[in-house]
Amino acid sequence: MSKELMQKNIERAQQEIERNKDFVSQGKLRQHYHLMTQTGWLNDPNGLIWFRGKYHWFFQFNPYSGFWSMMHWGHAVSDDMIHWEYLPVALAPSEWYDDHPDGGCFSGSAIEHNGKLYLVYTGVTNRGNGFEQSQCVAYSEDGIHFEKYEGNPVITPPEGVPGHQFRDPKIWEHDGMFYLVCGASRNGMAQALLYKSKDILHWEFVNVLAESRGEWGYMWECPDFYPLGDKYVLMFSPMGGGERTSVYLVGDFDYHTGRFYNTVSGEIDWGFDYYAPQSFLTPDGRRVIAGWGNCWDWMPFWKDWGPTYREGWCGFFNLPREVILCDDNTLKFVPVRELEMLRSDEKTDQDIRLGDQEMHRIDPGCIWEMKLIVDLKRTTAKKIGLRLRAKEEMKTEIIFDLEHGELRFDRDHSDGWSRGVAHCPLNLMGKDVLDIHIYSDRSNIELFSNGYQNNISCNVFTPYEDGENSVFAEGGDAVIQQIQTWDLERVIR
Ligand code: FRU
């Protein structure tokens, strides 16, 4: 009976997508190469996995409008993480434990077991006593059509954890056992809870894997836990963590105690629009993450979700990044090499000398990639700046403030819509060069700098496509060793 109800709800969602997708595909602000939906709203990456020879990526999805509501799991497959084919909706609300209009099938993850694809997700309901979140399972023989487990929910909130603060299971396998970590809140502090199971269906609590003492908020959304080199990494998106949107901790993990001992912490991305990253392993063994390119209304810098709802959509994934452990146990996040296949029309300029207040023009437009290297030894300027998409009164400015050791991404005058200056410390001690790598797409800019450790992703809804781009120096001279630019192919329609 309930199997039929989910099927009916998926068919209804598919009809809605078919009805609207041509209109939505005309949207002027749609991205050109960032994964997005055919219609409606998208948030977190869910269930990222390589399964039977393809990348399967799922996402939090409301096919019915450009606003968050009634969460489904959308589904897309790819051979290369760049070119995507949409598959039918994988999960739709249908059961007493996941059928609330302000709930549904919340975030989770995927694993292959005995040739089947298993999804673990959070069901959200409200039966009159507030929201209840519990962990649930669905499985599929073909990786396309899913069935919810009749014994759901498989984990309910433990004593002391409020029913509305227990979600986002991330599953993995180790030594023939399955483990999952999920986000929770206890006594107003965030926790990551660890569970184990022999069969993915029956779970036993192991320990509090890690917790906040307030410095990282009161609730962790989308925790993710994985080995990297000889260390373990915990990532999460903290609620109540101030301006932090996505944090990583590096340390050691003991399977006997179920406790993570972290020694290093850092930001995955310092921008306004990078949230809920999830990781997975590529078939060649890379640890890759994808994050959601937007933010929530409870964040201190939030203004709104941008103007794209007028075009019948909202949300995309930021570019996939490979996670790399550095010698000092910090992490860097490097755009995956597959992105290079989008490049065309390479241009290289070398040894550009800029006097104080001097500008060097780069090609106009907003769909491009750029790499730039500043020779710090021959630079006396106090600031190096990038002025992007400038036209009349509008511009987006990225400032490398060498005098004060700070990087700023200023979108106060970007598009007449967005606001705010994202910023982070820029530690160039002992460095001879400043490296800058930027991906610009129709509605966002992703900046990578300082060895891919100072990354800032922000949405910019520029109303025109032909703004000027340039690099400039301030307070002295600058020597740009090299600027490379590429046009990027449009792959999302
Ligand atoms: C994170 C999040 C998750 C939740 C989902 C709901 O962005 O709030 O905690 O599962 O989005 O769509």
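Counting starts at 1 for both ligands and their atoms, following the listed order. Values reported hereafter were calculated over all heavy atoms of this structure, with side chains retained and with hydrogens, waters and symmetry mates removed. Since the model is a prediction, treat every value here as computed from it, not as a measurement.
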Do the ring centers of Y55 and W50 come within less than 6.0 Å of each other? yes

Hey, what's the ring geometry for H202 with Y149, parallel, tilted or perpendicular (30° and 60° as the breaks)? perpendicular

S457 and N455: side chain donor to acceptor below 3.5 Å: no

Which protein residues come within less than 4.0 angstrom of ligand 1, counting heavy atoms only? N43, D44, Q60, W68, M71, F106, S107, R167, D168, E221, Y275, W296

Y309 and F67 aromatic ring geometry - parallel, tilted or perpendicular at 30°/60° bounds: tilted

In chain order, what residues pass the side chain to side chain contact (heavy atoms under 4.5 Å, CB included) check against W96, with sequence neighbours excluded? R127, P153

Tell me yes or no: between the side chains of Q7 and H145, is some donor less than 3.5 Å from an acceptor? no

